[in-house]
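Everything below concerns the one structure shown next.
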Amino acid sequence: MNEVFQFFNEVKVELTKVVWPKFDEWVGSTVIVLVLVAAFALYLYFVDSVLSVLVHRIFEYYSI
């Protein structure tokens with residue numbers, strides 16, 4: 001049981017060494033992540049739409 005308490009004490013010491021981001025840095029990073037996720041989602045939607053149209057046209061052409 002002493003090992004568990006020692007582990008959590010060491011975790012507490014290590015967490016005091018962490019340099020936490022300021023609020024404006026945190027907000028800026030969050031905005032960047034959200035913009036990149038939205039851009040990637042739009043890109044995947046576009047690629048999926050194009051491929052879907054191509055596959056439908058191929059099946060229509062060969063189903064005659």
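Residue numbers run from 1 in the order of the sequence given.
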For Lys22, side chain to side chain donor-acceptor pair (under 3.5 Å) partners two or more places apart: none
Grouping I, L, V, M, F, W and Y whenever their side-chain heavy atoms are under 4.5 Å apart, do [X] and [Y] come out in a common cluster?
{"X": "Phe8", "Y": "Val18", "value": "yes"}
{"X": "Trp26", "Y": "Val31", "value": "yes"}
{"X": "Leu51", "Y": "Tyr43", "value": "yes"}

Leu15 side chain near Trp20 side chain, heavy-atom distance below 4.5 Å: yes
Test item: Glu10 and Glu14 side chains (from C-beta on) under 4.5 Å apart, heavy atoms: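 Side-chain contact under 4.5 Å: no.
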Among Leu34, Val35, Val33, the one residue meeting side-chain contact (heavy atoms from CB on, under 4.5 Å) with Val37: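 Answer after filtering Leu34, Val35, Val33: Val33.
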Set of residues satisfying ring pair (Phe, Tyr, Trp, His ring centres under 6.0 Å) with respect to Phe46, sequence neighbours excluded: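 Checked Phe46 against ring pair (Phe, Tyr, Trp, His ring centres under 6.0 Å); zero matches.
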Glu25 CD: over 12 foreign heavy atoms closer than 6.0 Å: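 Result for CD/Glu25: enclosed.
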From CG (Asp24) to OG (Ser29), nearest 0.5 Å: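 With rounding to 0.5 Å, CG (Asp24) is 9.5 Å from OG (Ser29).
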Donor-acceptor pair, side chain of Ser52 and main chain of Asp48, under 3.5 angstrom: no
